[in-house]
Undergrad: 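Structure below; questions to follow.
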Amino acid sequence: MEFKLSATEGGTRARAGVLYTSHGIIETPVFMPVGTAGTVKGVHTRDLKEDVRARIILGNTYHLYLRPGIEILESAGGLHKFNGWDGPILTDSGGYQVFSLGDIRKLNEEGVQFQSHIDGSYHLFTPEKVIDIQRTIGADIMMAFDECTPGDAEQSYAKKSLDLTQRWLERCFNQFSKTEPKYGHNQSLFPIIQGSSYANLRKLATEHVKKYDADGYAIGGLSVGEPENVMYEMTEVVTADLPENKPRYLMGVGTPVNILESIERGIDMFDCVMPTRNGRNGMLFTSKGIINIRNKKWENNHNPIDSNGRSFVDHYSLAYLRHLIISNEMLGAQIASQHNLAFYLWLVDTARKKITEGNFKSWKEDMVKQLKIRL
RNA sequence: GGGGAGAUACCGAAGCGGUCAAACGGGGCAGACUGUAAAUCUGUUGGCAAUGCCUUCGGAGGUUCGAAUCCUCCUCUCCCCA
């Protein structure tokens, strides 16, 4: 995998680049729709590609391992064949589930024992196993197995957690070098920088991951309960020390404002469930601000969802979408998800364009104001 | 014509002498959601000058210190038999 910077903007750390993968090129900054269980919920791959214009999507190791199971994925010929998405795929390692599954998992040096949220059965994830599973899934970008440390962790715990993540990283890279891709395309492994809300730990973590000379670097453990300004501070601390010639991925972030602020701080890649999950729950992101489509005020508004939107679903009316969401009609969730994703991709595409033109910063300032408005 | 059951807030439905402005569902209204245990979850839902007051449980009377709850009459609905 190769990454080339194509433009930077003076006075900021914003960058535009191109990431070359076996399944196609990815222009950055990029937003990657989350497809946990092998599907970006409610959106067809054709629409993802042609309408949303997604360049890469996510899958999740933990969820795919539990269902459909790696045997099925292997016999399908990998996730690309299984779900029909022929573009690049990034898989999260299950590290986030170490965080989000809270009380149904146990963590020790060897790895994490999970209790399946589906049937309660016990499963052990180790760094080695997680690499093996991601080999079988066939992800273009695999993520290291980490502990996603909560944003409000005590420094002593954050340090202990970071140390564990670092020992696991060593084991991930060992297993990575001992194994081969299964389907004839290249796979990369990205380390994840932890350190909770402590700048000194984040710096240590950044120095540590650089030793692996990976194809890209991820920042994890942000947007997990810490204040927004802390998230930006931590991002700055890390991007200051990362190599310029490798992509930086800020995991799980975020709101449209978070994304613009983080692009300014030198991030190239993002993913977040927000456009799909919040979309299903009635929240629309637009270039004019945020809409809660369930609110009564949209009941009789027959204007398009987003007159500036570039998705074909944007011509549906606000009143119609409200009706669908209120009635729990599945088309409502589909339209809202597709609209939001198309908006997110428009946002990063436009950011890229502005960086290339050298006027990102001023555009960003205006957009941030607009994006915070509740319509 | 005879016998029986019932009428509770926007809807359905508990409650059957005080702790009832009234459980629980649904619907309505609003909020949350950041590497997806989420088409989920939370709050609220008689009125008001609101740590209190006012009006409410089909209608009108009555019993009682006190009634959605007991009694009388009326109105309406449903079921069974002719």
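Chain letters run A, B, ... following the sequence lines, proteins first, then strands; residues in each count from 1.
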Undergrad: Roughly how many Å apart are B:G6 and B:G15, using the P atom of each and rounding to a whole number?
TA: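 The answer is 11 Å between these two P atoms.
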Undergrad: Does this structure show an ion pair linking A:R135 with A:E180, if we count only N-O contacts that are shorter than 4.0 Å?
TA: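 Salt bridge flag = no for A:E180 with A:R135.
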Undergrad: Please measure how far the P atom in B:U8 lies from the corresponding atom in B:C57, and state the result in whole Å.
TA: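 So the two P atoms sit 11 Å from each other.
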Undergrad: With P as the reference atom in both, quote the distance from B:U77 to B:G52 in angstrom, rounded to an integer.
TA: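 Pairwise P distance, B:U77 against B:G52, rounds to 44 Å.
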Undergrad: Please give the distance between the C1' atoms of B:C70 and B:C80 as a whole number of Å.
TA: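 Pairwise C1' distance, B:C70 against B:C80, rounds to 29 Å.
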Undergrad: Under 4.0 Å from a heavy atom of chain A: give me the 5'-most and 3'-most nucleotides of RNA chain B that qualify.
TA: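 Contacts span B:G28 to B:U40, reading 5' to 3'.
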Undergrad: When the C1' atoms of B:A13 and B:A9 are compared, how many Å lie between them, rounded to an integer?
TA: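 After rounding to an integer number of Å, I get 12 Å for this pair.
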Undergrad: Is there a Watson-Crick or G-U wobble partner for B:A50 with both distances under 3.5 Å, and if so, which one is it?
TA: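 Pair assignment: B:A50 / none.
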Undergrad: Would you measure the distance from the P atom in B:U64 across to the matching atom in B:C71 and give it in whole Å?
TA: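 After rounding to an integer number of Å, I get 15 Å for this pair.
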Undergrad: Against A:Y62, only a single residue in A:R105, A:H117, A:Q97 fulfils side-chain hydrogen bond (donor to acceptor under 3.5 Å, both in side chains); can you say which?
TA: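 Going through A:R105, A:H117, A:Q97 one by one, the side-chain hydrogen bond (donor to acceptor under 3.5 Å, both in side chains) with A:Y62 is satisfied by A:H117 alone.
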Undergrad: Using 4.0 Å as the upper bound for N to carboxylate O, is an ion pair formed by A:D241 and A:R202?
TA: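 The answer is no: the pair does not qualify as a salt bridge.
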Undergrad: Is A:K246 positioned over the aromatic face of A:Y217, cation under 6.0 angstrom from the ring centre and no more than 45 degrees off axis?
TA: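 No; the conditions do not both hold, so A:K246 does not lie above the ring face of A:Y217.
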Undergrad: Write down the distance separating the C1' atoms in B:C11 and B:U19, rounded off to the nearest Å.
TA: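 These two C1' atoms come out 29 Å apart once rounded.
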Undergrad: Within the supplied structure, the quantity of interest is the number of heavy atoms (other residues, nucleotides, ligands) at a distance under 6.0 Å from A:R46 CZ; does it exceed 12?
TA: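 Count not over threshold, so no.
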Undergrad: With the threshold set at 4.0 Å, does a side-chain nitrogen-carboxylate oxygen contact exist between A:R265 and A:E261?
TA: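 Salt bridge flag = yes for A:E261 with A:R265.
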Undergrad: Measuring only the P atom in each nucleotide, how far is B:A22 from B:G31? A whole number of Å is fine.
TA: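 Roughly 26 Å separates the two P atoms.
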Undergrad: Would you mind classifying the nucleic acid contact of A:I325 as base, sugar-phosphate or nothing, using non-hydrogen atoms under 4.0 angstrom?
TA: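 The residue A:I325 makes no contact with any strand.
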Undergrad: Would you mind classifying the nucleic acid contact of A:N60 as base, sugar-phosphate or nothing, using non-hydrogen atoms under 4.0 angstrom?
TA: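 Sugar-phosphate only.
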